[in-house]
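Here's the structure, in structure tokens; my notes come after.
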Amino acid sequence: MNILILGSGGREHAFAWKIAQSPLCDELYVAPGNAGTAAIATNLDVSYNDFEAMAVLIAEKRIELVVVGPEEPLVKGIVDYLHARPELKHVRIIGPDSLGAQLEGSKDFSKNFMQKYGIPTASYRTFTEANLDEGLAFLEAHPMPVVLKADGLAAGKGVIIAETAAEAQQSLREMLVDGKFGDAGNKVVVEQFLKGIELSMFVLTDGEHYKILPEAKDYKRIGENDTGLNTGGMGAVSPVIFADSYFLKKVEEKVVKPTLEGLKAEGIKYVGFIFIGLMNVKSEPYVIEYNVRMGDPETEVVLPRIQSDLVTLLTATAKGTLQDVSLSISPQVAVTTVVVSGGYPGDYEKGKVIADTDKTEDVVVFHAGTTFNGNTEVVTNGGRVLVLTGIANSLENAVHKSQRAAQTVQFEGKYYRHDIGLDLLRYKD
Ligand code: AMP
Ligand code: GLY
């Protein structure tokens, strides 16, 4: 079948890499893709937010399966749009419709949902400009630190962890009154700060059945030892040593099952991935957030550990027959290091020539922000540039492979964290 992947990051290159290995895939397209996806698929120069153009291409290229990488088109309703077109009725799409996408598109919706279905999460209240004074008083009395979250999509920047009541009150005013995050901040969720270790769980569901994919740990901050600004993710590891089978069973019973039951009870037919951001608080899982897509860079360690054919899994997901296919997971460890442009997550330059990706040994090189300059030269085109996944029998060796590759690849101003996975190595001792 002909398959289309929407997106242009490392996550989408990883999807393309895994899907291209399937004998079930005929033509593979990525829109818009990057220099890495161009080597294994056909890039289509269309924005995934241009639904009309997308629909035309899907019909023209006879695409039968669409995998939506990022959350934005899902929250904006791409699934509803495409399914409403009679000529595209047969097209199978991996990703929820706009109702399901609210799990990520509205923090207020997701917190309400968790409360309603008894899913463990931090206690919270939601405020708008109409009850600003109540919000300010609430913060005055709240234990610190406290977490403020813009309700809508804010490109990963909408979460503020305030250390003092004054800071929290200022942030609340900035969001509700000054429009700091635009409409996304018209409602603000104020929640209890949870202290623990974070991990990412991934569920693939057809709306009725589910498969739990390998879990991962993501390194969000720009600086070593988790310091400095938040980023899209600077590295990832799978499996996660502290997520033992006992903990994972708890996650399945207390989080995954009630989430899927809750979606059904709400009348939401959810088809696609659910990324559950969890805090492990003294061996109890609490949901920090839902995302309606796979994580980036988590996908770059999760997919390499999946031994089953991904197209078989995705087709079954879209058809509602996920119970009929098996998911086989490699016991090997995958570690990925993200190599970024100097200055990221602040301002950075683009167009730097990338060299020596061919000199990396034993890693899978996933491209993120890359493009072509002229015909053949690959240059930087974003903050996160390359995502280098090492796979080995031990965490030590996987870290070593990934880090060595990060050292090998070259472009002006490159930066990467040298401590990906080291906390987990220490955790073992
Ligand atoms: P989110 O955008 O919801 O992923 O939040 C960004 C980051 O803020 C998370 O990955 C956590 O590290 C942190 N965070 C969010 N909510 C909480 C919470 N209730 N307690 C502690 N940290 C949190
Ligand atoms: N790596 C975190 C995310 O994809 O949201």
Side-chain angles (χ1 to χ4, degrees), residues 7 9-12 14-15 68-72 74-75 103-111 114-115 119-125 142-163 168 171 175 181 184-185 188-202 213 215-222 226-238 240 273-282 284-303 336-338 340 345 366 368 383-384 387 417 420:
R11 169 182 50 209
E12 288 74 23
F15 270 119
V68 185
E71 66 281 8
E72 197 189 350
L74 294 168
V75 172
L103 276 187
E104 178 167 1
S106 167
K107 301 268 187 208
D108 183 44
F109 174 89
S110 70
K111 293 295 289 190
M114 286 185 254
Q115 198 171 48
I119 298 157
T121 189
S123 62
Y124 82 105
R125 284 204 41 195
H142 200 286
M144 293 297 137
V146 64
V147 185
L148 283 83
K149 299 183 172 181
D151 176 57
L153 292 185
K157 299 200 171 74
V159 175
I160 284 153
I161 298 175
E163 300 291 339
S171 296
M175 290 198 228
F181 298 112
V188 176
V189 166
V190 174
E191 72 176 35
Q192 171 202 13
F193 178 82
L194 297 172
K195 204 167 159 40
I197 321 179
E198 268 182 88
L199 93 152
S200 307
M201 297 287 306
F202 302 94
L213 306 180
E215 76 286 354
K217 182 180 192 290
D218 167 27
Y219 294 77
K220 288 201 166 75
R221 303 292 191 97
I222 187 72
D226 298 325
T227 53
L229 293 175
N230 251 326
T231 70
M234 296 295 293
V237 177
S238 178
V240 181
F273 295 98
I274 307 180
F275 163 170
I276 307 173
L278 287 176
M279 192 72 87
N280 174 339
V281 184
K282 298 187 186 128
E284 284 300 319
Y286 286 80
V287 177
I288 294 276
E289 63 168 349
Y290 291 110
N291 294 305
V292 296
R293 52 171 173 83
M294 285 295 290
D296 193 358
E298 290 95 327
T299 306
E300 292 93 308
V301 291
V302 169
L303 293 185
T336 206
T337 305
V338 183
V340 305
F366 295 118
R384 295 192 287 175
V387 190
R417 274 180 63 166
I420 305 303

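Both ligands and their constituent atoms are indexed starting at 1 by order of listing.
At a 4.0 Å heavy-atom cut-off, ligand 2 does not touch Arg11 at all. Contacts with ligand 2 closer than 4.0 Å are made by side-chain heavy atoms of Arg293 only, the backbone lying farther away.
Using a 4.0 Å cut-off to heavy atoms of Glu191, the atoms of ligand 1 that qualify are 16 (N), 17 (C), 18 (C), 19 (N). The ligand atoms of ligand 2 that sit less than 4.0 angstrom from a heavy atom of Phe275 are 3 (C), 4 (O), 5 (O). Atoms of ligand 2 lying under 4.0 Å from at least one heavy atom of Gly232, given by number and element, are 1 (N), 2 (C). Shown in contact with Ile288 at under 4.0 Å from a heavy atom are these atoms of ligand 1, numbered in order with element: 15 (C), 16 (N), 17 (C), 18 (C), 23 (C). Close contacts between ligand 2 and Glu298 involve ligand atoms 1 (N), 2 (C), 4 (O) [criterion: under 4.0 Å to a heavy atom]. Taking every heavy atom of Lys220 and a limit of under 4.0 angstrom, the matching atoms of ligand 1 come to 10 (O). Residue Gly295 has at least one heavy-atom neighbour below 4.0 Å for each of these atoms of ligand 2: 4 (O). Interface of Met279 with ligand 1, defined as ligand atoms under 4.0 Å from a residue heavy atom, comprises 21 (C), 22 (N). Less than 4.0 angstrom separates some heavy atom of Glu289 from each of these atoms of ligand 1: 1 (P), 2 (O), 3 (O), 4 (O). Contact atoms of ligand 1 toward Lys149: 3 (O), 15 (C), 16 (N) (distance under 4.0 Å to a heavy atom of the residue).
Evaluated for a side chain to side chain contact (heavy atoms under 4.5 Å, CB included) with Met114, the options Tyr290, Tyr124, Phe109, Tyr286 yield exactly one hit, Tyr290.
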Set out, in order, the CA-CA distance, both residues' side-chain angles and the distance that settles salt bridge (charged side-chain N to carboxylate O under 4.0 Å, His left out) for Glu191 and Lys107, then state yes or no. CA-CA 11 Å; Glu191 72 176 35; Lys107 301 268 187 208; over 6 Å; no
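Under the side chain to side chain donor-acceptor pair (under 3.5 Å) criterion, Asp296 pairs with no residue at all, not counting sequence neighbours.
Side-chain contact of Ser200 with Glu298: a donor-acceptor pair under 3.5 Å is present, judged by distance alone.
Between Arg417 and Asp226 there is a side-chain heavy-atom pair separated by less than 4.5 Å. Between Met201 and Glu215 there is a side-chain heavy-atom pair separated by less than 4.5 Å. A 4.5 Å side-chain heavy-atom check between Phe273 and Leu213 finds at least one atom pair inside the cut-off.
Across all their heavy atoms, Lys149 and Ile288 have their closest contact at NZ-O, 3.1 Å. Between Ser110 and Leu103, the shortest heavy-atom distance links the atoms CB-O, 3.3 Å.
The closest protein non-hydrogen atom to atom 12 (O) of ligand 1 is Glu198 OE2, 2.5 Å. Among all protein heavy atoms, the one lying closest to atom 8 (O) of ligand 1 is Val159 CG1, 3.6 Å. Looking only at protein heavy atoms, the nearest one to atom 2 (C) of ligand 2 is Asp218 OD2, 3.3 Å.
Between the choices Asn230, Leu194, Ile161, the shortest heavy-atom distance to atom 20 (N) of ligand 1 belongs to Leu194.
For the pair Lys217 and Tyr219, the cation-pi criterion (under 6.0 Å, within 45° of the ring axis) is fulfilled.
Rounding to the nearest 0.5 Å gives a distance of 13.0 Å between CZ of Arg293 and CD1 of Ile274.
Not a single heavy atom of Lys195 sits closer than 4.0 Å to an atom of ligand 1.
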